[in-house]
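Predicted, not measured: the structure shown is a model, and the values here were computed from it. When reading the values below, keep in mind they use all heavy atoms of this one structure, side chains included, and skip hydrogens, waters and symmetry mates. In what follows, every chain begins at residue 1, and chains take the letters A, B, ... in the order their sequences are listed.
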Amino acid sequence: MASTPFDGSTECTTASSDELQTVVFRLADEAYGIDIFRVNEIIRLREITSIPKTDAHVRGLVNLRGKTIPVLDLRARFNLQQGEETENTRIIVVESDNGNVGIVVDAVTEVMTLQSDQIEDTPSLVTDVDNDFVRGVARRNESLITLLDLDKALAA
Amino acid sequence: MSQYVDLFLQEAEEQLEVLEQETLILERDPTPERLQVIFRAAHTLKGSSRAMGYSRFAELTHETENILDQLRNGTLTIRTEIADRLLECIDTLGKMADKIRDGGTDDVECGELVGQLRAIGNSGSEAPAVRLEVQTAATTTLISPDLFEILEQAKAEGPLLHARFTLHQDCVMKYVRAFMALTIAQEHGEVLVCAPDQESLEEEKFELDFEFVVQTKVELDTLLDRLKEVGEVAQVTLTEWVQPVAAASKPEAQEQQTAIVESAPTTSATPEPSANTGAPKKGESGQTVRVDVTRLDNLMNLVGELVIDRTRIAQIGLEISSRYQDQEIDALQETVSHIARITADLQDQIMKARMMPIETVFNRFPRVVRDLAQKLGKDIKLDLVGGETELDRSVIEVIGDPLLHILRNSVDHGVELPADREKVGKSPQGRVVVSARHQENHIVIEIVDDGKGIDVERVKNKAIDQGLLTKEQASKLSEKEALQLIFHSGLSTASEVSEVSGRGVGMDIVRSNIQKLGGVIDLETTEGQGSKFSLRLPLTLAIIRGLLVDVAGHVFVLPLGSVIETLFLETNQVQRINRREVIVIRGQTTPLLRLRKVFDVSSGDSDADSYVVVVGLAEQRIGLVVDRLIGEQEVVIKSLSRFCGETAGVSGATILGDGNVALIVDVNGVIPKDR
């Protein structure tokens, strides 16, 4: 494999056998996808200890089997409207250079395999999210899935 | 091969440390025993670096060894210039070791240094490097008689040499020595037999002796010279192979040449070079095991989690027993308390395993003080006391720099020039004492100098000049408070900026670093007589005792180390000064800080039921107002993730018995900075 279709190059719309496994979740009625290899686990919402005087998108800390991990609120991060927590709300624990971190999402819907030719560049497309955080958009049937650039989305 | 590189580096590090420490003392106290120790260290380094093929390293150690040898047999006497060169060598060797560690070679420029060393060496007279003695070879051999015949046959194809090694009693890496010897022999010929066999050597299943027979065309002397380079050897002999006769009765049969490498007395026989230096304690092999520090860290983490779960189980046990009455539950309670005891012991033991003597930090100081004093033209005697005091690795790692900074300050600003000292009737030699001791659950480190002390008025004036406070404010300050200005950023009392200090950065960083560790720094000074910095640090950073408090439904942990007292707050006790809330405790006015406001948390209920936790920071006392006191508990500190960003007032987090996360309050961080 010379390059993955997601290394930032724009010449990746040609058909190839490259596949991307994505965890798809919902946030304010939109579907987002992140690389499954970055996902450590998905846990139910639990007590989050908030940290005073931190940025709005830092929800706080949770206890994950004896370790404390920070939890970020993607709605606040993306300047989306605050939503309600429901039965379906989940914390996706992802790996990052600064250790594991949890992100709160409205629901995790599915894991799906995307072919590289299903993925398009974003410029012309309009999503609710700042383009910086996005590395592509996948089209499936009539729905759109915004693929997030996790590192940028998590960076402070 | 890389494991040998590791071993080599480990050894190099140890021997270089010995070299540096002993060389520093040598300057003042050149005893033959000390020279012997230094010589042996250099000799060991030369041997192992040659065996590893680091030619520059070997060359430099060889030149160093030459100088040392001349010092040893009296053709040179130690003087500052020689000590300087030797120290320079040690530094260069250290750099080479660093390069090798980074995966490179010993490619560090040292030609000039080698030249200087040779020049020094030539100023003395030549002397033999190793004393040679003729001795009859031992008549017994470890080599199995079964092999004699094979060796006899091999003898027809070329001369055979028989090497016998006896290692030092305190040799720590026996196999490495054997491996080095065998490697050298292999370079010059072919090793036919070794005893004990290769496998036993590798597993270090041998006492101190090993032998081998090598078929070689090189001269006996040449090979012997090379073999003498192997370190930690008490005796090495090289003879032509003669088949030992069962009844050994003709020792003079062959011309035999034997060398005894003069060996230094083992460390146990050398008197410890006074209490203030740290000679590595070898010779206790068999009692100790080298363990990778990351393993200890992992163990500590695991115990940390165990401590959390222990608290958790204890809490669940209590809840269950309050709900049901059953014999089984009593048994559970008993087991729980037993587990609690064991966990506490385990934690204790692992903490002990992680303890290191503060010596490891102190060891850097003599060199720094020497160099600095020399540069400034001062004469300073440094005494290190209590180097054996142990504290946790995590603290050891971070206190080195702050201590060094204070020490530099004492040397630079504290101790006067010899002439100035004589004028005021002091001895021209200044004295700086660094001491460490345990006090309850803390370690106290003091840095005392007998210099000119700190001129409090000048500090005040400087602070006024630099606009840190007004004249009026300054006049109100007590002497103690004024001294605290030293720790203010931007203040330096040195009239000129020197290379060493005087930029006004430093003491504030020192203080904030100490406080980050949960420590306290204090300063006393008597004009004309000197200053004393004292540091009080926790023994470990991993687990602390904390006071759990409730603030609007949130649980916070206050490090017990900084809590002075707690009291119930009657609303009518609160007074206002300058729109700030204060409370008078036994005549002392203490400012109040409501944690609800500090952390911007609130709940619907009123805060009528309030307690004050009085915390102390150096001279300051602050009352933190909380809703409720929950209790005292041992907590495991978890650092905050980078994702949390700047968190003023919070130093970390911990997991409580109920599984929830609580934040640990950074007492220093919650106090408003404008005071």
- Task: Count the heavy atoms of every other residue, nucleotide or ligand shown that sit under 6.0 Å from CD of A:Gln82, and state whether that count exceeds 12.
- Result: yes
- Query: Is there side-chain contact between B:Leu640 and A:Pro70, with heavy atoms separated by less than 4.5 Å?
  - Reply: no
- Query: Is A:Gln81 atom CD crowded by more than 12 heavy atoms from other residues, nucleotides or ligands, each under 6.0 Å away?
  - Reply: no
- Pair count under 4.5 Å, heavy atoms only, with chain A: among B:Val661, B:Val636, B:Val555, highest is B:Val661
- Pick one of side chain, backbone, both or neither for A:Val62, based on which atoms fall under 4.5 Å of a heavy atom in chain B. backbone
- Honestly, the part of A:Ile51 sitting under 4.5 Å from a heavy atom of chain B is both
- Can you find a heavy atom in the side chain of B:Phe643 that is under 4.5 Å from one in the side chain of A:Leu154? yes
Between chain A and chain B, which N or O donor and acceptor atoms come closer than 3.5 Å?
| unit_1 | atom_1 | unit_2 | atom_2 | d |
| --- | --- | --- | --- | --- |
| A:Thr49 | OG1 | B:Val661 | O | 2.6 |
| A:Lys53 | NZ | B:Val598 | O | 3.2 |
| A:Asn63 | ND2 | B:Gly659 | O | 2.7 |
| A:Gly66 | O | B:Lys638 | NZ | 2.9 |
| A:Asn98 | OD1 | B:Arg642 | NH1 | 3.1 |

